[in-house]
Visitor: 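Sharing a structure with you now.
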Amino acid sequence: MEEAGHWSDFFLGEVGAAAALAGLVIVAVSINLQRILAFPQLPGRAGEMLIMLVGALLASSVALLPGQPARIFGWEILTIGAFVTVAPLWIQIRALVAVRDQPLHWWLWRLVIVFLAGLPMIAGGILLIAGDESGVYWVAASVLVIVAATVWNAWVLLVEILR
């Protein structure tokens, strides 16, 4: 795909960022495991972050595959985008049933993050499948949202949980 070739530096950087952040989340969870487990909604939140980071890592990785047609790249991105959207939603639905005393705005914020992360990736995949190489911009936007959201969530699991 010709358009993705122009993005190789960006996606290479995001592969490293996503891998490093995934490591940070794992360290945050291991350091504060007992405290995280004390709040029934937090293990799912950590899981959502890891799912989104793996999605960003996979999307950035497949963008670096040389010579693949835009439509194949689009199907890969659409599949990853669906996973990045559906899996965290499933976690949130299960947690919402189990934890009913959490303020509604906390749930809404998590929902907004999932949609801001996953829907642009899905849109990018659809555009790429349709032959519109500008879909890569949507993929990049999704990856950036994932990185920003997981940095914030890692802060919550490392620092805010101790307040």
Visitor: Taking Q68 for the side chain and V62 for the main chain, is one N or O donor matched with an acceptor at less than 3.5 Å?
Guide: yes
Visitor: Is it the case that over 12 heavy atoms from other parts of the model lie below 6.0 angstrom from the CZ atom of R35?
Guide: yes
Visitor: For the side chain to side chain contact (heavy atoms under 4.5 Å, CB included) test, which of V143, V145, I113 pairs with M52?
Guide: I113
Visitor: Evaluate the side-chain contact (heavy atoms from CB on, under 4.5 Å) criterion for residues W138 and L119: first the C-alpha distance (whole Å), next the side-chain angles of each, then the deciding distance (0.1 Å), finally the verdict.
Guide: CA-CA 9 Å; W138 289 92; L119 294 181; over 6 Å; no
Visitor: Decide yes or no for I161 and L42: does some side-chain heavy atom of the first lie under 4.5 Å from some side-chain heavy atom of the second?
Guide: yes
Visitor: Roughly how far apart are F39 CZ and L157 CG, rounded to 0.5 Å?
Guide: 11.0 Å
Visitor: Is there a donor-acceptor contact under 3.5 Å from the side chain of D132 to the main chain of L128?
Guide: no
Visitor: Would you please indicate yes or no on a ring centroid separation below 6.0 angstrom for Y137 and W7?
Guide: yes
Visitor: Taking it one step at a time, do L57 and L53 satisfy side-chain contact (heavy atoms from CB on, under 4.5 Å)?
Guide: CA-CA 6 Å; L57 179 65; L53 283 169; over 6 Å; no
Visitor: Are the side chain of S142 and the backbone of A117 linked by a donor-acceptor contact shorter than 3.5 Å?
Guide: yes
Visitor: Assess R45 against W152: is NZ or CZ under 6.0 Å from the centre of the six-membered ring, and within 45 degrees of the ring's axis?
Guide: yes
Visitor: What distance separates L58 CG from I77 CD1, expressed to the nearest 0.5 Å?
Guide: 9.0 Å
Visitor: Under the 3.5 angstrom rule, does the side chain of T150 hit a backbone N or O of V147 as a donor-acceptor pair?
Guide: yes
